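The next block holds one structure in the form of structure tokens; read it before the comments.
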Amino acid sequence: MTPETEEEFGDDPVLIGKGDVGISGGYMNILFKQNLPSKTKHRISLVRPQDDNALYAEDGYIHLELRYNNYGDQTGVRKPGAVSYNLNSLNVTSETKGIKLKLNSEVNGEVELTFNLEHSGENLEKAGGDLDLSKM
């Protein structure tokens, strides 16, 4: 995500319950309650901030953001939604501590969730030095 694309991704609050974000099998899985649109489809995106390289080097985490754009089109009718994001394109190394996910919560405002990577010597040997994101 760049400053030029930030508006496109939006930063509207999203309703996500406690425990409704998890990582399994190399995917980030998110359950949420959507305030249904009347005309314009909403957009929910997992993005990596452009300035993440400095942050990653500083704390050892890959920083991601969940962005929601409701385009100002809401009916007040809530329905459950689910989305899964493939994390295999992330540059995970033996120094990676995990993933930090920032989101704009409808209930708690801006929050950051931390998913720590479980390092396993056996896992590193089997993968030839690459880490398995299913172990988060």
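Computed from a predicted model, the values in this text were never measured in an experiment.
Judged by a 6.0 Å distance limit and a 45° cone about the ring axis, K100 is positioned over the six-membered ring of Y61.
Looking at residues two or more places apart in sequence or on another chain, you find a side chain to side chain donor-acceptor pair (under 3.5 Å) between S84 and N29. Judged as a side chain to side chain donor-acceptor pair (under 3.5 Å), and not counting sequence neighbours, the contacts of S45 are R43. Partners of E106 by salt bridge (Lys or Arg N to Asp or Glu O under 4.0 Å), not counting sequence neighbours, listed by chain and number: R78. With sequence neighbours excluded, no residue satisfies side chain to side chain donor-acceptor pair (under 3.5 Å) with D20. Partners of K18 under the side-chain contact (heavy atoms from CB on, under 4.5 Å) rule, at least two apart in sequence or in another chain, do not exist in this structure. Qualifying side chain to side chain donor-acceptor pair (under 3.5 Å) partners for N104, counting only residues two or more places apart in sequence or in other chains: none. Looking at residues two or more places apart in sequence or on another chain, you find no salt bridge (Lys or Arg N to Asp or Glu O under 4.0 Å) involving K33. Listed by chain and number, the residues in a ring-ring contact (aromatic ring centres under 6.0 Å, His included) with F32 amount to none (sequence neighbours excluded). In this structure, the side-chain contact (heavy atoms from CB on, under 4.5 Å) partners of L113, at least two apart in sequence or on a different chain, are V21, L101, L103, F115.
Y71 belongs to no multi-residue hydrophobic cluster, having no ILVMFWY side-chain contact under 4.5 Å with any other such residue. In this structure, L31 shares a hydrophobic cluster with no other residue, the cluster being traced through Ile, Leu, Val, Met, Phe, Trp and Tyr side chains under 4.5 angstrom apart.
Listed for the D73 side chain is a donor-acceptor partner under 3.5 Å among the backbone atoms of K39.
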